Amino acid sequence: MAEYILVAVAWPYANSEIHVGNLTGSYLPADIFTRYHRLKGNQVIMVSGSDSHGTPVTVRADAEGTTPYAVYQKYHHSFIELFQKAGLAYDLFTSTHTDNHFRVSQAIFLALQKNGYLYTQKEKQWFSKSQNRFLPDRYVEGTCYICGYENARGDQCDGCGNLLDATQLINPRSKIDGSVPELKETEHFYLDLGKLQPQIVAFLEARQSYWRPNVLRQSLGQIQAEKLHGRPITRDLDWGIPVPIEGWEGKCLYVWFEAVIGYLSAAIEWSQLNGDPDAWQMWWFNPNAKGYYFIGKDNIPFHAVIWPGQLIGAGEWFGKLFAGIDNKLLTLPYDVPANEFMNLEGKKISGSRNWAVWGHDFLSRYDPDPLRYYLTANMPENRDSDWDWQDFLQRNNNELVATWGNLANRVLSFAFRNWAGRVPQPNELRPLDHQILAKVEDGFRSVGENIEAVHLRTALQEGMALASEVNRYLDETAPWFEIKKDKEAAATSIYTALRAIDSIKTLLAPFLPFSAETLHKYLGYNNPLFGEQTTQAVADRLGEHRVLRYDSHSASGKWSPSRLMPGQLLKEPAPLFRKLDEKIVEEERSRLGG
RNA sequence: UGCGGGGUGGAGCAGUGGCAGCUCGUUGGGCUCAUAACCCAAAGGUCAGUGGUUCGAAUCCACUCCCCGCUACCA
């Protein structure tokens with residue numbers, strides 16, 4: 001009775017690098033959750049990709065004198081490289097710039113239209129003659145018609161703080177090239193969220209007993225306070241997915257509308273790449289499948305309100321239009337365990353001011369597991385948290401190294417040295433031994449329950465607490481003392497301790513996959529716990545996109561207690577983690593804001 | 001101003017009606033297998049303030065004082 005679980009992870013926008021806030025907000029919790037379910041033997045797929053379209057990408061391309069395609073490719077490849085280094089093992093990390101995604105998105109659009117949830121509306125927008133394109137409100141500056149402030153932006157005035165109607169700006173100019181734009185009429189499609197509101201509310205109410213309060217506040221709470229209204233889902237732009245309607249050439253689907261559809265299209269692409277093209281239906285046409293959406297708090301309305309609205313609105317027409325299948329509804333999200341934000345040294349992370357700890361930069365000096373440990377221990381599950389270098393150092397040295405790394409090292413090295421590199425043969429286990437093993441083995445229940453509820457901080461804490469228990473056990477049995485007078489007693493203690501750390505290894509593996517794998521080898525196992533991350537280039541009519549995949553063939557890990565065999569050949573151990581020097585705190589702080 | 005979050009021992013947090021807990025740090029002791037790691041013990045809080053509800057409040061209500069977000073395609 002394996003469960004079908006879809007792990008849907010936020011799509012990084014392809015115009016900037018990834019920092020620790022992004023990692024702890026969505027990518028890391030998703031990976032931990034997914035690794036756990038893999039060990040557990042569930043049918044889990046973790047999908048995401050680069051959000052490739054939209055105006056910011058085109059603006060950046062213009063500024064750098066290159067193409068939007070090149071900009072997106074550059075960041076996309078950087079993401080894939082980072083995810084490999086950080087051990088973020090997506091079943092598929094693709095992109096929105098694929099033929100498959102275009103077709104899926106257009107099918108969703110058409111299904112919504114068939115069901116009567118789209119309407120069109122004409123409006124005036126600023127148009128840049130020099131660039132021959134419409135300007136998003138953000139990219140128009142002018143004098144505020146309320147307070148007279150001269151550098152007001154189209155959407156909001158920084159002088160008086162009022163939200164503005166961009167078309168009323170006085171002396172408008174393009175923020176991109178300074179030219180004077182003119183008002184021009186344009187027509188767009190709107191998603192009729194007002195009409196979908198009753199179904200969206202019902203969807204949310206059915207889930208409010210177990211959703212996080214921060215997510216409910218910004219979805220159900222928001223709707224109750226102010227009604228939903230239609231949102232434009234197309235734009236005058238050529239870098240994106242064309243509106244699949246005749247006469248609408250030169251217009252594209254708005255990125256917020258099509259990027260979320262990636263959760264569906266990526267599952268479909270994953271199936272195709274696996275040579276089992278209908279497999280996605282086990283997640284998407286299966287009412288018992290559970291979809292978990294790992295995102296940051298900025299994305300809550302899109303995932304908890306609008307995306308369910310899109311799925312509900314597409315209804316059975318999606319299956320019909322896309323796959324010729326009747327009477328199938330798309331599976332709605334089961335949970336949206338959105339995280340809050342992580343600040344940095346007390347201030348909000350800001351990429352443009354370099355107030356950030358960048359993923360690539362961090363991993364050029366430190367290992368991935370300490371990063372994953374700190375980001376999990378400090379994950380903003382309930383409220384904003386803070387990355388503090390002093391705190392990072394202390395948690396690394398006093399918790400990860402001292403409690404867990406040292407435990408593994410002291411047990412392994414003692415065993416290796418005194419029993420000729422093999423797991424010692426124990427006597428019959430004593431009550432003390434049974435006790436510690438029972439305690440550790442109960443972790444498969446308690447840590448598992450916490451991970452399933454996406455309480456990852458607590459789950460990690462419980463795993464670490466078990467490591468402390470084993471340290472205590474060693475202090476009581478004192479095998480270094482036993483061995484002097486009764487080697488068999490020492491063998492029993494060390495065997496018990498080895499079995500305990502073997503189990504804890506598995507309990508911590510979702511969080512610390514690299515060191516778990518190393519420890520797994522030291523314990524003498526030949527097959528790895530997890531599969532491999534691989535990349536591959538996929539060609540279609542839009543060009544080529546590189547994808548990151550997960551190959552589970554070699555994986556042998558199981559979410560179950562150790563059954564370590566006496567006599568098993570150990571490998572010569574070495575410490576799992578490095579202790580860090582106090583001086584890195586100042587070094588790292590001085591890099592910030594530079 | 002509007003909306004939202006938060007103020008708990010030195011630090012970071014848990015705790016939504018019933019003797020105030022956890023991790024780290026500090027101090028003292030133990031051990032010596034281990035990356036000066038590990039184990040034990042102790043000190044340390046009028047749970048922001050005031051008033052109220054209650055047999056009983058960190059926990060509910062009212063008011064006050066601070067801090068921080070959001071209202072920006074900056075995650």
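Here is the naming used below: chain letters follow the sequence lines, and residue numbers restart at 1 for every chain. The figures here come from the full heavy-atom set of this structure, side chains too, leaving out hydrogens, waters and symmetry mates. Fair warning: this is a prediction, and the values are worked out from it, not measured in the lab.
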Selection: residues 463-474 of chain A, any non-hydrogen atom under 4.0 Å of RNA chain B: A/Ser468, A/Asn471, A/Arg472

Pick base, sugar-phosphate or nothing for A/Pro575, based on heavy-atom distances below 4.0 Å to the nucleic acid. base

Filter on salt bridge (charged side-chain N to carboxylate O under 4.0 Å, His left out), then keep only pairs touching residues 410-423 of chain A, sequence neighbours left out; what's left? none

Enumerate the salt bridge (charged side-chain N to carboxylate O under 4.0 Å, His left out) contacts for residues 12-31 of chain A, please, sequence neighbours excluded, ordered by first and then second residue. A/Asp31-A/Arg35, A/Asp31-A/Arg372

Assess, by modelled atom type and distance only, whether the side chains of A/His188 and A/Asp236 contain a donor and an acceptor separated by less than 3.5 Å. yes

Identify, with sequence neighbours excluded, every residue that meets side chain to side chain contact (heavy atoms under 4.5 Å, CB included) alongside A/Ala500. A/Leu437, A/Val440, A/Val470

Indicate whether OP1 or OP2 belonging to B/A37 is found under 4.0 Å from a side-chain N or O atom of A/Lys579. yes

Close residues, residues 394-403 of chain A, relative to RNA chain B [heavy-atom separation under 4.0 Å]: A/Asn398, A/Glu399, A/Val401, A/Ala402

For A/Glu81, the side chain to side chain contact (heavy atoms under 4.5 Å, CB included) test, sequence neighbours excluded, returns A/Lys85, A/His360

N/O contacts under 3.5 Å, protein versus nucleotides 2-4 of chain B?
none

Got a sec, which pairs hit salt bridge (charged side-chain N to carboxylate O under 4.0 Å, His left out) with one end in residues 295-304 of chain A, sequence neighbours left out? A/Lys297-A/Glu340, A/Lys297-A/Asp384

Aromatic ring centroids of A/Trp239 and A/His97 under 6.0 Å? yes

Would you say A/Ser16 places a side-chain N or O within less than 4.0 Å of OP1 or OP2 belonging to B/A75? yes

Strand RNA chain B as a dot-bracket string - pairs counted if Watson-Crick or G-U with both distances under 3.5 Å, | where the partner lies in another strand: .(((((((.[[[[.)..(..]]]].(((((.......))))).....[[[[[..)....]]]]])))))).....

So salt bridge (charged side-chain N to carboxylate O under 4.0 Å, His left out) across residues 483-499 of chain A, not counting sequence neighbours, yields A/Glu441-A/Arg499

Any base atoms under 4.0 Å from A/Ile18, or only sugar-phosphate, or nothing? Heavy atoms, all strands. nothing

State which residues pass side-chain hydrogen bond (donor to acceptor under 3.5 Å, both in side chains) with A/His76; sequence neighbours excluded, sorted by chain then number. A/Ser50

So which of residues 409-422 of chain A are in contact with RNA chain B, with a heavy-atom cut-off of under 4.0 Å? A/Asn409, A/Arg410, A/Ser413, A/Phe414, A/Arg417

